[in-house]
Amino acid sequence: MKSHTLLFSSTSAPVRCRTYTNQVNPVGSKAVLITGCDSGFGFTLANHLYSQGFLVFAGCLLKHKGDSGVQKLDNLRSDRLRTIQLNVCKSEEVEEAVEVIRSSLKDPEKGLWGLVNNAGISTFGEVEFTSMETYKEVAEVNLWGTVRTTKSFLPLIRRAKGRVVNISSVLGRMASLARSPYCITKFGVEAFSDCLRYEMRPLGVKVSVVEPGNFIPGTSLYNPERIQAIAKKMWDELPEVVRRDYGRKYFDEKIARMESYCSSGSRDTTPVIKAVTHALTAATPYTRYHPMDYYGWLQMQVMTHLPAAVSDKIYGL
């Protein structure tokens with residue numbers, strides 16, 4: 001049995017190892033759709049799976065605008081990597097993607113091997129600082145986009161007895177200050193994935209969840225300018241009573257805390273890419289993958305296994 005190391009990695013933290021099981025072969029005959037390939041995890045994953053011999057359909061939000069990430073993928077000029085326009089919030093684009101992929105498969109009756117629901121957005125802000133429009137916007141992409149895309153592609157996935165891999169987050173397992181819009185959606189992805197796993201198991205389809213820790217510096221999800229832009233818009237739109245009760249000093253302290261968090265993560269997304277690859281290729285993939293540093297993993301265990309009164313005390317919540 002071949003073994004590899006995986007999943008708890010950081011440049012400064014100890015690495016915890018998990019043993020890889022035998023792989024499904026041949027990879028070269030497998031087709032995979034990845035959503036959110038314009039940048040970040042999706043862009044890197046599309047390149048990696050292509051290099052491993054997969055037939056990759058890279059769903060991109062901004063293909064119609066000629067985004068730089070799309071151009072880089074298209075520049076590979078390979079019949080094994082095809083970018084497709086895909087906004088997971090639009091049912092018509094999802095259904096069109098189904099037809100494009102179905103018509104591109106050598107034998108559609110053998111189905112699509114893998115779906116990686118990676119498309120997502122993030123934001124920050126305490127509950128009273130966050131508008132209902134922001135809650136809805138984040139949920140439409142992260143949660144309903146995942147559900148919508150999965151439902152549309154399940155007939156093809158079932159025919160292949162394939163894989164669904166949902167990108168969640170450590171914040172889908174434990175809540176965090178000032179991240180409620182994001183946490184809500186990722187907790188939802190976790191529940192959806194569990195329900196789907198129960199339903200698909202008798203049909204031979206395997207469902208996995210990948211729960212990355214803080215890889216913000218490696219995905220360019222935020223930069224100081226974007227954080228400040230979000231903060232300015234948030235403050236400008238706050239009800240007067242909220243601005244008066246909390247004050248600008250409190251608000252600015254929370255923004256500074258978010259800036260610190262965003263700059264403290266890992267730039268190396270390799271653990272996430274390895275986790276998704278394992279979920280797609282292992283004969284017996286794991287239900288959950290935790291690519292994060294050991295401190296993050298330990299905090300997750302404490303907050304999900306100990307009484308809330310204890311974990312709140314430990315982490316000063």
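Quick note: residue numbers are just sequence positions, from 1.
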Problem set entry | Ile34 CD1 to Phe54 CZ distance, which is reported to the nearest 0.5 Å | 9.0 Å
Problem set entry | Shortest non-hydrogen separation from Gly59 to Leu86 and the atoms involved | CA-CB, 4.0 Å
Exercise. Is the backbone of Val207 close enough, under 3.5 Å, to the side chain of Arg163 for a donor and an acceptor to pair up by distance?
Worked result: no
Exercise. Does Arg197 have any salt bridge (charged side-chain N to carboxylate O under 4.0 Å, His left out) partners at least two apart in sequence or in another chain, and if so, which?
Worked result: Asp194
For this session: Let me see the working for Asp268 and Ser266 under side chain to side chain donor-acceptor pair (under 3.5 Å), right down to the final yes or no.
Result: CA-CA 5 Å; Asp268 181 11; Ser266 174; 5.6 Å; no
Exercise. Are Glu140 and Lys136 ion-paired here, with the side-chain N under 4.0 Å from a carboxylate O?
Worked result: no
Exercise. Between Asp74 and Lys63, does at least one N-O distance fall below 4.0 Å, as a salt bridge requires?
Worked result: yes
Seminar exercise, completed: What one should report as the nearest heavy-atom pair of Arg158 and Leu203 is CD-CD1, 3.7 Å
Exercise. In terms of heavy-atom contacts, does CH2 of Trp144 have more than 12 from other residues, nucleotides or ligands at under 6.0 Å?
Worked result: no
Exercise. With the 4.5 Å side-chain cut-off for hydrophobic clustering, are Val138 and Ile230 part of the same group?
Worked result: no
For this session: Could you verify whether a donor N or O on one side chain and an acceptor N or O on the other, from Tyr182 and Ser176, lie under 3.5 Å apart?
Result: no
Problem set entry | Phe129-Tyr246 aromatic ring centre distance below 6.0 Å | yes
Exercise. Between Tyr286 and His278, does any side-chain donor sit less than 3.5 Å from a side-chain acceptor?
Worked result: no
Exercise. Is Arg159 reaching over with its side chain to a backbone N or O of Pro155, donor-acceptor style, under 3.5 angstrom?
Worked result: yes
For this session: Please name the pair of heavy atoms, one in Pro212 and one in Ser168, separated by the smallest distance, quoted to 0.1 Å.
Result: CD-O, 3.5 Å
Exercise. Between Ser104 and Arg82, does a side chain to side chain donor-acceptor pair (under 3.5 Å) hold up when you go through it step by step?
Worked result: CA-CA 10 Å; Ser104 300; Arg82 178 174 179 181; 2.8 Å; yes
Problem set entry | Interatomic distance, Arg102 atom CZ to Phe153 atom CZ [nearest 0.5 angstrom] | 9.0 Å
Problem set entry | Glu96 and Gln85: CA distance, side-chain angles, deciding distance, side chain to side chain donor-acceptor pair (under 3.5 Å) verdict | CA-CA 9 Å; Glu96 184 175 344; Gln85 173 61 37; over 6 Å; no
Exercise. Between Thr44 (side chain) and Phe41 (backbone), is there a donor-acceptor pair under 3.5 Å?
Worked result: no
For this session: State, without any angle test, whether Ser152 and Glu95 hold a side-chain donor-acceptor pair at a distance under 3.5 Å.
Result: yes
Problem set entry | Salt-bridge present (Glu211, Lys186; N to O < 4.0 Å) | no
Exercise. Is a side-chain N or O of Ser131 found less than 3.5 angstrom from the main chain of Thr134, in a donor-acceptor match?
Worked result: yes
For this session: Quick one: do Thr277 and Gln52 satisfy side chain to side chain donor-acceptor pair (under 3.5 Å)? Show the steps, please.
Result: CA-CA 9 Å; Thr277 304; Gln52 298 298 301; over 6 Å; no
Exercise. Is a side-chain donor-acceptor pair under 3.5 Å present for Thr185 with Tyr135?
Worked result: no
Exercise. Can any side-chain N or O of Ser260 pair as donor or acceptor with the backbone N or O of Arg257 at less than 3.5 Å?
Worked result: no
Exercise. Is there a donor-acceptor pair under 3.5 Å between the side chain of Asn118 and the backbone N or O of Thr35?
Worked result: yes
Exercise. When rounded to the nearest 0.5 angstrom, what distance separates CD in Glu93 from NE2 in His64?
Worked result: 7.0 Å
Problem set entry | Sidechain-backbone polar pair: Trp113 side chain, Leu280 backbone, donor-acceptor under 3.5 Å | yes
Exercise. For the residue pair Ala279 and Val165, what are the closest heavy atoms and their distance?
Worked result: CB-CG2, 3.8 Å
Exercise. With distance as the sole criterion, is a donor-acceptor pair present between the side chains of Ser193 and Asn166 under 3.5 Å?
Worked result: yes
Exercise. What distance do Glu99 atom CD and Ile84 atom CD1 have between them, rounded to the nearest 0.5 Å?
Worked result: 11.5 Å
Exercise. For the residue pair Asn214 and Pro217, what are the closest heavy atoms and their distance?
Worked result: OD1-CD, 4.0 Å
Problem set entry | Path from Tyr261 to Tyr222 over hydrophobic side-chain contacts below 4.5 Å | yes
For this session: Please check if any side-chain donor atom of Arg148 sits under 3.5 Å from a side-chain acceptor atom of Ser91, or the reverse.
Result: yes
Seminar exercise, completed: In short, Val141 meets Gly120 closest at the heavy-atom pair CG1-CA, 3.8 Å
Exercise. Would you find a donor on one side and an acceptor on the other, under 3.5 Å apart, between the side chain of Asp38 and the backbone of Cys60?
Worked result: no
